[in-house]
Number of protein chains: 4
Amino acid sequence: MEIVCKSGGKRQAIIEAGIKVFSQKGFHDARMEEIAVTAGIGKGTIYEYFTSKTHLFQEIIAASVNTYYESLATIDMDALTLRERIQILLTGHLRFCIENKDLTRIVFWDVEIMDEELKEWGNNLRKEKQLRMKEIIDQGITRGEIRNVDSELLTLLVIGSFASFWAPITIDALVIDPEETAKQITDIIFNGIKL
Amino acid sequence: MEIVCKSGGKRQAIIEAGIKVFSQKGFHDARMEEIAVTAGIGKGTIYEYFTSKTHLFQEIIAASVNTYYESLATIDMDALTLRERIQILLTGHLRFCIENKDLTRIVFWDVEIMDEELKEWGNNLRKEKQLRMKEIIDQGITRGEIRNVDSELLTLLVIGSFASFWAPITIDALVIDPEETAKQITDIIFNGIKL
Amino acid sequence: MEIVCKSGGKRQAIIEAGIKVFSQKGFHDARMEEIAVTAGIGKGTIYEYFTSKTHLFQEIIAASVNTYYESLATIDMDALTLRERIQILLTGHLRFCIENKDLTRIVFWDVEIMDEELKEWGNNLRKEKQLRMKEIIDQGITRGEIRNVDSELLTLLVIGSFASFWAPITIDALVIDPEETAKQITDIIFNGIKL
Amino acid sequence: MEIVCKSGGKRQAIIEAGIKVFSQKGFHDARMEEIAVTAGIGKGTIYEYFTSKTHLFQEIIAASVNTYYESLATIDMDALTLRERIQILLTGHLRFCIENKDLTRIVFWDVEIMDEELKEWGNNLRKEKQLRMKEIIDQGITRGEIRNVDSELLTLLVIGSFASFWAPITIDALVIDPEETAKQITDIIFNGIKL
DNA sequence: AATGAATGAGGATTCATTCAT
DNA sequence: AATGAATGAATCCTCATTCAT
């Protein structure tokens with residue numbers, strides 16, 4: 001286990017330690033020392049792989065976001081209806097939250113606590129997420145799968161529905177079945193709650 | 001205006017300066033010095049009114065949350081239908097976001113950046129918000145106003161819908177009409193988006 | 001003695017501590033902590049008066065150079081012959097070395113050890129000194145007080161003669177009489193050493 | 001060329017790299033890493049030949065001083081007059097400065113930047129240089145070649161004249177003819193500058 | 001012998017907080 | 001009550017040196 005790809009091994013250990021510590025303490029209260037100890041290495045070693053605390057954090061966010069998107073990109077989406085897509089995306093989202101509580105806390109919680117320099121980068125991340133969802137929704141409208149609602153508002157509603165789960169899951173330890181929950185939320189979004 | 005109730009005047013000035021600075025810089029990057037300068041007072045004076053930076057921040061959050069709730073509590077809710085209530089609450093929420101961008105940023109953005117000691121307090125704030133909404137929804141279900149959906153999930157969906165607006169409004173400078181937007185969102189929640 | 005001009009008092013104490021420590025350890029080996037202790041203040045206080053170690057050092061050099069020049073600028077030079085001027089300047093230079101050993105060590109020793117950013121500033125200081133001397137010498141030539149030698153070379157010779165005294169005086173504790181020594185050196189420069 | 005006397009080849013490469021880097025950055029700002037890269041070897045290898053950064057620096061200074069003295073010791077001096085000797089030494093000195101700008105900068109600039117432990121060693125180097133010159137001058141006086149001046153002062157004057165050239169040559173890129181310059185300086189020292 | 005990844009002691013700097021005025 | 005000069009604990013980062021390979 002020590003003989004794994006050398007650089008990769010250490011780097012990965014640091015990232016994992018970073019995830020753990022950043023998710024517990026947040027960016028500012030995380031200490032490089034603690035990350036090093038958690039990774040089982042010396043303080044200086046972190047700087048062999050990352051130029052600064054900020055850089056380490058940015059790499060972790062970027063990797064987390066990638067992991068998140070990859071976890072959502074398992075199947076070919078274009079063949080599906082909007083309803084199926086939303087349900088699958090939500091299922092994936094909930095699964096990710098459940099399986100990667102630390103990552104989730106960082107991605108959804110810490111994005112904005114960054115250096116001034118990272119603020120814009122973090123905002124762009126958010127806007128991109130929004131744009132992706134809007135494209136999916138616009139396609140559904142174009143295909144005539146749903147009635148003609150303001151796609152911007154619907155995007156925010158859907159994203160908000162997704163986002164509101166992370167805190168109950170990672171902090172309050174809410175236990176849900178991702179499949180079932182996604183199905184119910186999607187049902188509400190499509191059929192509404194009126195009698 | 002400077003000669004008003006002495007302690008009250010200074011205290012309020014500090015809180016307002018804190019809102020401005022905390023919302024721009026976040027908790028950790030906000031400097032007591034800057035808050036003092038913004039408030040037009042000496043650095044030491046802050047400590048006459050607040051025991052610490054953390055305390056000042058907590059007071060600001062608490063006050064902001066109060067302001068927020070008060071802005072939502074203008075009319076008697078019990079006489080209204082759930083649909084009316086959600087629409088009114090959402091309208092109020094959006095109005096608050098638009099009119100109090102600084103406060104909004106603090107309440108929705110900064111909650112987590114707090115000291116370990118404030119973490120629990122902040123979480124309770126969030127849970128309480130969730131509980132309030134759930135009670136409203138449960139009442140709607142009890143009254144038979146909506147079909148029988150999982151009220152916990154619906155709560156998260158509604159709260160998420162509310163929350164997803166703050167970033168576009170305060171950061172991306174999204175311009176919306178609160179009334180109209182609330183109406184459309186409520187419409188989606190009640191009627192769904194299916195054809 | 002504590003009631004002297006407040007800001008001036010502390011600032012001056014820091015400068016004097018800096019002179020002592022910088023002259024003993026050199027720029028790089030000087031520790032801000034030691035300077036603070038020597039000044040009888042807290043570490044952080046230095047930063048109330050100087051933005052950085054480099055800044056403190058630069059201020060000390062600049063002040064030292066000023067002190068040096070002021071010590072040389074006591075009488076009206078224009079009325080004197082070149083010979084008198086050189087003798088007087090050398091006397092002053094030697095007096096300064098003897099009376100300000102710490103300052104001397106910094107000005108003549110440490111000038112180049114500075115940050116990359118200060119390097120140019122330090123070089124300009126040296127060139128300026130050279131220029132001042134050259135002007136004096138050129139004037140002497142123009143007035144026909146000395147024979148026609150390459151003023152650039154003579155400048156370097158004179159400056160070198162001045163400079164070569166600081167180390168024996170401040171490090172080897174060479175004891176000399178400034179008046180007498182200056183007289184003898186000037187005599188050599190004017191009359192040469194040939195039989 | 002890489003297969004020459006192993007230890008000697010590497011050792012020499014390190015010294016040359018050291019000369020380059022130390023002369024550009026000074027002792028403290030020089031990085032062992034950069035010296036290693038410049039020498040085309042691994043960082044750890046330096047420590048096979050030198051026990052520490054300080055040791056490497058000391059060796060370089062010592063070697064530089066040797067090179068300097070060797071460059072001045074080409075011909076038999078005893079047969080010459082003091083005037084010839086000073087002129088020849090100065091010529092050699094100026095040639096050395098011109099041809100070994102890096103070494104010059106180290107020997108004349110960096111001597112003092114050393115560890116506390118090297119300080120004394122560095123001072124002895126300087127005193128030895130002074131002593132050598134004084135002996136030459138004393139001999140000249142004994143032989144009755146020059147008038148009876150204080151040999152200590154004359155020594156400092158001559159050494160100063162020598163030393164004041166290195167900065168203009170290596171930093172300001174002053175271009176001079178060593179022969180001619182040495183001749184003029186010697187002429188001034190012997191004949192003085194009076195009309 | 002040669003290497004360079006790993007280390008951690010060491011130091012400049014920041015900033016919340018105190019307290020004498 | 002109000003102040004702001006003074007403080008020093010706390011933290012990021014550097015880089016000479018080591019040592020397993």
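Remember, it's a predicted structure, so these values are computed and weren't measured experimentally. Naming: A, B, ... by sequence-line order, numbering from 1 per chain.
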*Pair B/Glu48 + B/Lys10, salt bridge at N-O below 4.0 Å*: no
*Which residues pass the side chain to side chain contact (heavy atoms under 4.5 Å, CB included) test with D/Gln58, sequence neighbours left out?*
D/Leu118, D/Trp121
*Between E/dT7 (P) and A/Ile46 (CD1): distance, integer Å*: 10 Å
_Short side-chain N/O contact to F/dA5 OP1/OP2 from C/Lys10, under 4.0 Å_ = no
What donor-acceptor contacts under 3.5 angstrom involve side-chain atoms of residues 59-67 of chain A, with partners at least two apart or in another chain?
from, atom 1, to, atom 2, distance (Å)
A/Glu59, OE1, A/Arg11, NH2, 2.5
A/Ser64, OG, A/Ile60, O, 2.6
A/Thr67, OG1, A/Ala63, O, 2.8

*Let me know the distance between CD1 of C/Ile35 and P of E/dA12, rounded to the nearest Å.*
8 Å
*For C/Thr170, what residues pass the side chain to side chain contact (heavy atoms under 4.5 Å, CB included) criterion, not counting sequence neighbours?*
C/Lys101, C/Thr104, C/Arg105, C/Trp166
*Could I get the full list of ring pair (Phe, Tyr, Trp, His ring centres under 6.0 Å) partners for B/Tyr68, not counting sequence neighbours?*
B/His93, B/Phe96
*For C/Gln24, enumerate each residue passing the side chain to side chain contact (heavy atoms under 4.5 Å, CB included) test, keeping only those at least two apart in sequence or located in another chain.*
C/Lys20
*Name the residue closer to the 5' end of DNA chain E, choosing between D/Ile41 and A/Gly40 according to the nucleotide with the nearest heavy atom.*
D/Ile41
_Just to verify, what does D/Glu128 make a salt bridge (charged side-chain N to carboxylate O under 4.0 Å, His left out) with, not counting sequence neighbours?_
D/Arg132
_Euclidean distance, atom CZ of residue B/Arg11 to atom P of F/dA2 [Å, nearest integer]_ = 13 Å
*With the sugar-phosphate defined as primed atoms, P, OP1 and OP2, and the base as all remaining atoms, what B/S/- string results for nucleotides 11-18 of chain F, 5' to 3', for protein heavy atoms under 4.0 Å?*
SSBBSSBB
*Which residues satisfy the ring pair (Phe, Tyr, Trp, His ring centres under 6.0 Å) test with D/Phe50, sequence neighbours excluded?*
D/His55
_Quick check on E/dA1: is either OP1 or OP2 less than 4.0 Å from any side-chain nitrogen or oxygen of D/Tyr49?_
no
*For DNA chain F, just give me the dot-bracket, please: Watson-Crick or G-U, both distances below 3.5 Å, ( ) intra-strand, [ ] crossing earlier pairs, | paired with another strand, . unpaired.*
.||||||||||||||||||||
